[in-house]
2 protein chains.
Amino acid sequence: MENTEDVRPKRRGPAPLDAFDRRILAALAADADRSYAALGEIVGLSPPAVHERVKRLKRSGVIRDTVARLDGTAVGKPLMAFVHVEAAGWGKSERLMQIARFPEVEELHSVAGDASVILKVRMENPQALEFLLGQIHSLAGVRGTRSYIALSTYLDRPVQAEVTTEWPNVPLPPE
Amino acid sequence: MENTEDVRPKRRGPAPLDAFDRRILAALAADADRSYAALGEIVGLSPPAVHERVKRLKRSGVIRDTVARLDGTAVGKPLMAFVHVEAAGWGKSERLMQIARFPEVEELHSVAGDASVILKVRMENPQALEFLLGQIHSLAGVRGTRSYIALSTYLDRPVQAEVTTEWPNVPLPPE
DNA sequence: GTTGAAATTAGCCGTCT
DNA sequence: AGACGGCTAATTTCAAC
């Protein structure tokens with residue numbers, strides 16, 4: 001055979017995740033406070049094997065980081081809101097990025113839709129939100145904002161490793 | 001003295017967080033993969049003292065859990081979107097709650113504003129979003145939805161223990 | 001990937017400051 | 001309430017198979 005080594009050299013892009021990887025990721029996304037031994041029991045591997053895979057998944061960036069999730073109310077931020085920012089020009093100005101410096105701002109996305117940027121913020125009270133909105137409005141090119149204050153949070157979980165497979169037509173099991 | 005024991009018995013509500021607690025929470029929210037010895041160095045306490053506090057913070061619920069945060073694209077969900085659901089009656093129907101069963105749904109909040117419910121979803125492709133929107137529209141009382149597809153995510157971090165104190169007038173440091 | 005052993009670390013006493 | 005010492009059990013980590 002000749003000339004096969006440059007056609008799809010080995011694999012392009014990141015290594016695909018096998019069933020073991022998926023199970024490890026699902027387990028760690030649900031609770032990262034687990035020993036490799038416990039993980040091994042869950043996914044069906046030995047502790048060193050799990051350790052090896054976790055190390056690889058971290059290196060490759062599949063696992064971004066592992067963090068403690070705090071209770072917003074307990075740390076003095078009972079008020080959560082999404083803020084839609086409508087920018088005149090093109091949403092991503094360097095100045096706008098600066099609002100990420102506020103610890104109250106947790107997420108910042110540019111989006112397609114009738115908003116240029118969506119922020120997720122969490123703060124002490126409405127006054128703090130008012131102040132932040134003032135800061136945003138003071139930026140050049142900001143046409144307006146719309147805020148959606150959370151009344152209740154029914155679900156708040158990290159990225160799930162699982163995907164919906166029974167597809168289509170899983171007509172939402174009644175109750 | 002008489003009759004002082006029922007007036008503010010000791011303390012009501014959760015114990016307030018002191019400066020050490022704040023530092024511990026900030027460190028763990030940024031990276032939960034730390035030994036108590038390392039944490040102690042950061043916050044200025046001995047390992048046992050840190051251990052004691054972390055245990056208390058977990059018991060009291062200030063630390064909800066510690067999780068691995070996965071890369072959406074790497075797990076096959078490159079498409080993130082916020083979906084606003086406008087419900088006819090009162091947003092929180094039991095049926096609507098059932099969409100939390102989809103692993104693609106990460107957050108579900110009822111909000112004040114011109115949307116009854118806001119969902120954060122992450123999925124494989126637009127077809128998957130179309131399917132999910134179909135499921136939502138099939139629910140009784142759903143008047144309509146508006147979707148905001150994320151083009152770029154500039155910030156995505158957990159609840160921060162810090163709060164903005166230099167307040168008001170921190171005019172967003174120029175670059 | 002598995003097994004088995006070594007080096008760290010976690011977890012838990014006391015007691016002292 | 002925290003520091004310190006030591007102690008045991010558990011976990012991480014590295015070795016060989």
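Just so we're on the same page: letters track the sequence lines, and every chain starts at 1.
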Exercise. Using a cut-off of less than 4.0 Å, is there contact between a side-chain N or O of B:His51 and OP1 or OP2 of C:dG11?
Worked result: yes

Exercise. In whole angstrom, what separates A:Glu52's CD from D:dC14's P?
Worked result: 10 Å

Problem set entry | Value in whole Å for how far the P atom of C:dC12 lies from NZ of B:Lys55 | 5 Å

Seminar exercise, completed: Here the distance between atom P of C:dT9 and atom CG of B:Asp33, to the nearest Å, is 14 Å

For this session: For side-chain contact (heavy atoms from CB on, under 4.5 Å), just list the numbers for B:Glu107 and B:Ile118, CA-CA rounded to whole Å, side-chain angles, deciding distance to a tenth of an Å, and then say yes or no.
Result: CA-CA 8 Å; B:Glu107 299 185 28; B:Ile118 292 183; over 6 Å; no

Exercise. What is the distance from CG of B:Asp21 to P of D:dA1, rounded to the nearest Å?
Worked result: 12 Å

Problem set entry | d(CG, B:Asp18; P, D:dA1) in whole Å | 11 Å

Exercise. Taking atom P of D:dA1 as reference, at what distance in whole Å does atom CZ of B:Arg56 sit?
Worked result: 9 Å

Problem set entry | Among D:dA3, C:dT2, D:dT12, the nucleotide that comes nearest once only the side chain of A:Pro48 is considered | C:dT2

Exercise. Do the ring planes of B:Phe102 and B:Phe131 sit parallel (below 30°), tilted (30 to 60°) or perpendicular (above 60°)?
Worked result: perpendicular

Seminar exercise, completed: B:Ser35 has its side chain closest, among C:dG11, C:dT9, D:dG2, to C:dT9

Exercise. Given C:dG11, is OP1 or OP2 found less than 4.0 Å from the side-chain N or O atoms of B:Tyr36?
Worked result: yes

Problem set entry | Salt bridge flag under 4.0 Å for residues A:Asp71 and B:Arg64 | no

For this session: Tell me whether the centres of the aromatic rings in A:His109 and B:Tyr148 are closer together than 6.0 Å.
Result: no

For this session: Report which part of the nucleic acid B:Pro47 touches: base, sugar-phosphate, or nothing (heavy-atom distance under 4.0 Å, all strands).
Result: nothing

For this session: Starting at atom CG of B:Leu39, determine the distance to atom C1' of C:dT9, rounded to an integer number of angstrom.
Result: 13 Å

